[in-house]
There are 2 protein chains.
Amino acid sequence: MDTRERLIESTRELLWECGYVGTSPKAIQRRSGAGQGSMYHHFRGKSDLALAAITRSAEELRDRAEAELGGSGTPVQRVAAYLRRERAALRGCPVGRLTQDSDVMADPTLRRPIEETFAWLRDRLAGVLAEARAAGELATALDPAATATALVAVLQGAYVLARAAGDADVYARAVDGALGLLAAH
Amino acid sequence: MDTRERLIESTRELLWECGYVGTSPKAIQRRSGAGQGSMYHHFRGKSDLALAAITRSAEELRDRAEAELGGSGTPVQRVAAYLRRERAALRGCPVGRLTQDSDVMADPTLRRPIEETFAWLRDRLAGVLAEARAAGELATALDPAATATALVAVLQGAYVLARAAGDADVYARAVDGALGLLAAH
DNA sequence: GTCTATAGGACGATAGAC
DNA sequence: GTCTATCGTCCTATAGAC
């Protein structure tokens with residue numbers, strides 16, 4: 001892994017752990033093993049580096065979601081597989097976390113990949129739920145778009161509750177609750 | 001409103017907008033109109049002031065939730081009233097937001113009010129759902145505790161999605177989806 | 001109770017040698 | 001491409017006058 005790559009990966013980790021405000025160029029240099037000059041040679045500054053890191057994290061989230069939502073099984077099975085997939089509950093969502101960072105949200109460039117990722121995810125999940133409804137797996141009374149938004153919200157909120165409780169099991173419990181609600185429809 | 005009070009209220013606003021790392025004593029002084037010496041006279045430092053602010057925000061969240069969950073109507077009506085209550089969707093949850101702040105979560109003193117608040121909320125909501133089930137308003141197959149956790153997660157996640165989209169309607173849509181799932185049970 | 005002065009360090013970035 | 005030196009600013013906190 002070359003220097004540029006190490007800088008991006010270190011920034012991804014730090015943004016995940018500390019957020020944008022809490023991540024300093026010095027900390028990035030320390031973790032990546034790159035020097036001051038090296039960092040500013042490869043990137044224009046903190047926000048430029050953050051953009052590269054955020055873009056990659058967003059792509060990764062989409063790829064992983066697509067692996068399950070576009071996988072095999074009935075529509076409801078694929079939704080369940082996506083919801084149940086193991087996640088680092090206590091670390092939080094590397095993309096959703098940035099949503100709470102006003103410096104990120106105030107910058108249209110940094111914000112775009114986050115906005116696009118969740119728009120895509122809600123829409124993709126709504127599509128699978130529409131499939132489920134068409135196949136008779138899901139009540140016709142349920143609106144796919146609203147249901148999809150609620151399910152994505154459960155995942156994002158589950159991170160919050162797990163961190164608040166200091167207990168990863170809370171994440172699983174929220175998912176159980178969501179699947180329970182989905183089950184009888 | 002005296003100086004001490006203005007300091008606490010200003011800190012509450014800033015923690016809400018900028019998080020703990022993003023909130024500086026200087027910014028608190030600017031917003032409250034209190035001087036340097038004044039702030040350090042009333043509080044030992046940043047974390048001491050943050051504790052007062054967080055404790056108050058946590059109490060407020062509990063009081064507001066209790067107003068609806070312990071209000072009038074059938075259990076399911078009370079849950080719906082709680083979920084549908086108007087919130088500042090784009091500002092995020094003043095308590096849940098702090099969950100993403102590693103400095104806050106690393107400090108047991110600052111963390112306790114957050115942990116207790118969500119533990120109480122999940123439990124309180126589970127109680128109302130148990131009432132609903134006993135009254136035949138809700139399917140016996142649904143576990144009150146898991147369902148309550150999922151519903152609280154929907155609210156917390158709805159803030160994330162609304163901020164990501166830059167659109168408060170997304171919050172309402174997540175709530176609609178959750179109530180839709182709850183309806184047919 | 002509130003003020004100003006000051007501390008020692010970290011922040012984000014730039015300059016210029018090698 | 002990477003290094004060290006340096007900049008000006010802000011950070012959190014303390015000291016001591018009023």
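So you know, we letter chains A, B, ... as the sequences are listed, proteins then strands, and number each from 1.
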On DNA chain C, check which nucleotide each of B:Arg4 and A:Tyr20 is closest to and give me the residue with the more 5' one. B:Arg4

Assign each of A:Val21 and A:Gly37 to its nearest nucleotide of DNA chain C by heavy atoms, then name whichever residue's nucleotide is nearer the 5' end. A:Val21

A:Thr149 versus B:Arg173, side-chain donor and acceptor atoms under 3.5 Å: no

Are B:Glu137 and B:Thr74 linked by a side-chain donor-acceptor pair shorter than 3.5 Å? yes

For the residue pair [X] and [Y], would you count it as a cation-pi contact if the rule is NZ or CZ under 6.0 angstrom from the ring centre and within 45 degrees of the ring axis?
{"X": "B:Arg97", "Y": "B:Trp16", "value": "no"}
{"X": "A:Arg87", "Y": "A:Tyr82", "value": "yes"}
{"X": "B:Lys46", "Y": "B:Tyr20", "value": "yes"}

Would you mind telling me which of [options] lies closest to the side-chain atoms of [X]?
{"X": "B:Gln36", "options": "C:dC3, C:dA13, D:dT14", "result": "D:dT14"}
{"X": "A:His42", "options": "D:dT2, C:dG1, D:dT4", "result": "D:dT2"}
{"X": "B:Lys46", "options": "D:dT12, C:dA13, C:dT2", "result": "D:dT12"}

[N] [atom2] sits how many Å from [X] [atom1], rounded?
{"X": "B:Arg30", "N": "C:dC3", "atom1": "CZ", "atom2": "C1'", "value": "18 Å"}
{"X": "B:Phe43", "N": "C:dG1", "atom1": "CZ", "atom2": "C1'", "value": "14 Å"}
{"X": "A:Gln29", "N": "D:dT4", "atom1": "CD", "atom2": "C1'", "value": "12 Å"}
{"X": "B:Ile28", "N": "D:dA13", "atom1": "CD1", "atom2": "C1'", "value": "13 Å"}
{"X": "A:Tyr40", "N": "D:dA5", "atom1": "OH", "atom2": "C1'", "value": "15 Å"}
{"X": "B:Asp2", "N": "C:dT2", "atom1": "CG", "atom2": "P", "value": "8 Å"}
{"X": "B:Met39", "N": "C:dG1", "atom1": "CE", "atom2": "P", "value": "17 Å"}
{"X": "B:Asp48", "N": "D:dT12", "atom1": "CG", "atom2": "P", "value": "15 Å"}

Would you say a side-chain N or O of [X] is under 4.0 Å from OP1 or OP2 of [N]?
{"X": "B:Lys26", "N": "D:dC10", "answer": "no"}
{"X": "A:Thr3", "N": "D:dT2", "answer": "yes"}
{"X": "B:Ser24", "N": "D:dC11", "answer": "yes"}
{"X": "B:His41", "N": "C:dT2", "answer": "no"}

What nucleic acid atoms does B:Ser47 come within less than 4.0 Å of, heavy atoms only: base, sugar-phosphate, or nothing? nothing

